[in-house]
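Keep in mind it's a predicted model, so treat the numbers as computed, not measured.
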Amino acid sequence: MSSARISGGVSLPDRGSSSKSGGGVISRMASSFSQSPVVYQGKRVASDAAFVTKKLLQSTGKAAWIAGTTFLVLIVPLIIEMDRDQQLSELELQHASLLGSSPSASGPQK
């Protein structure tokens, strides 16, 4: 290890010698930190959480698709039919009021 002499009698190591010996304090701390079990456990937990979130979103999407198509196939026609029946009842009531008779007396005849 060579050293440079500064006026006043203080000797400092050369700049190149620290990189040859494995790096500075910060790089050694970063290396030991990235290899610690806490970091490894944190990465594993984050990976597991991402996997569970992805699966949950996929299953939620499937459930939403099933619920949506069921609603369209079963419930919407029922709502349309109920609305049509309500409009027919209102039309019969309107005709009965125009003819001057009670709505129950002028029921549909078969």
Side-chain angles (χ1 to χ4, degrees):
M1 173 176 183
S2 62
S3 59
R5 190 163 277 284
I6 299 179
S7 62
V10 177
S11 63
L12 297 173
D14 290 337
R15 290 183 181 225
S17 67
S18 65
S19 63
K20 292 177 186 173
S21 66
V25 175
I26 295 175
S27 65
R28 281 183 276 155
M29 287 179 60
S31 175
S32 66
F33 177 75
S34 66
Q35 294 174 357
S36 73
V38 174
V39 172
Y40 174 74
Q41 185 74 11
K43 286 180 180 180
R44 199 177 92 211
V45 167
S47 174
D48 291 346
F51 178 75
V52 168
T53 302
K54 180 181 175 184
K55 288 294 185 183
L56 182 65
L57 288 175
Q58 285 177 346
S59 63
T60 302
K62 289 177 185 176
W65 172 258
I66 291 170
T69 54
T70 302
F71 181 77
L72 286 175
V73 170
L74 298 177
I75 306 299
V76 170
L78 178 66
I79 292 171
I80 291 171
E81 186 61 33
M82 290 173 63
D83 186 48
R84 191 178 294 160
D85 189 43
Q86 178 67 28
Q87 287 177 356
L88 183 62
S89 296
E90 290 174 0
L91 185 64
E92 287 176 354
L93 187 62
Q94 185 181 13
H95 282 288
S97 68
L98 287 174
L99 295 174
S101 63
S102 67
S104 61
S106 67
Q109 296 178 4
K110 292 185 181 180

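- Here Thr60 contributes atom OG1 and Gln58 contributes atom CD; the two are 10.0 Å apart, rounded to the nearest 0.5 Å.
- Note that CD1 of Ile80 is 12.0 Å distant from CD1 of Ile75, once rounded to the nearest 0.5 Å.
- We find the CG-CD distance between Leu88 and Glu92 to be 4.5 Å, quoted to the nearest 0.5 Å.
- Annotation: the span from Leu93 atom CG to Leu98 atom CG amounts to 10.0 Å, rounded to 0.5 Å.
- Note that the CG atom of Asp85 and the CD atom of Glu90 stand 10.5 Å from one another [nearest 0.5 Å].
- Contact annotation: the side chain of Gln94 approaches that of Leu91 to within less than 4.5 Å [non-hydrogen atoms, C-beta and beyond].
- Within a 6.0 Å radius of CD1 in Ile26, other residues, nucleotides and ligands contribute 12 heavy atoms or fewer.
- For the atom pair CG (Leu56) and CZ (Phe51), the distance works out to 11.5 Å, reported to the nearest 0.5 Å.
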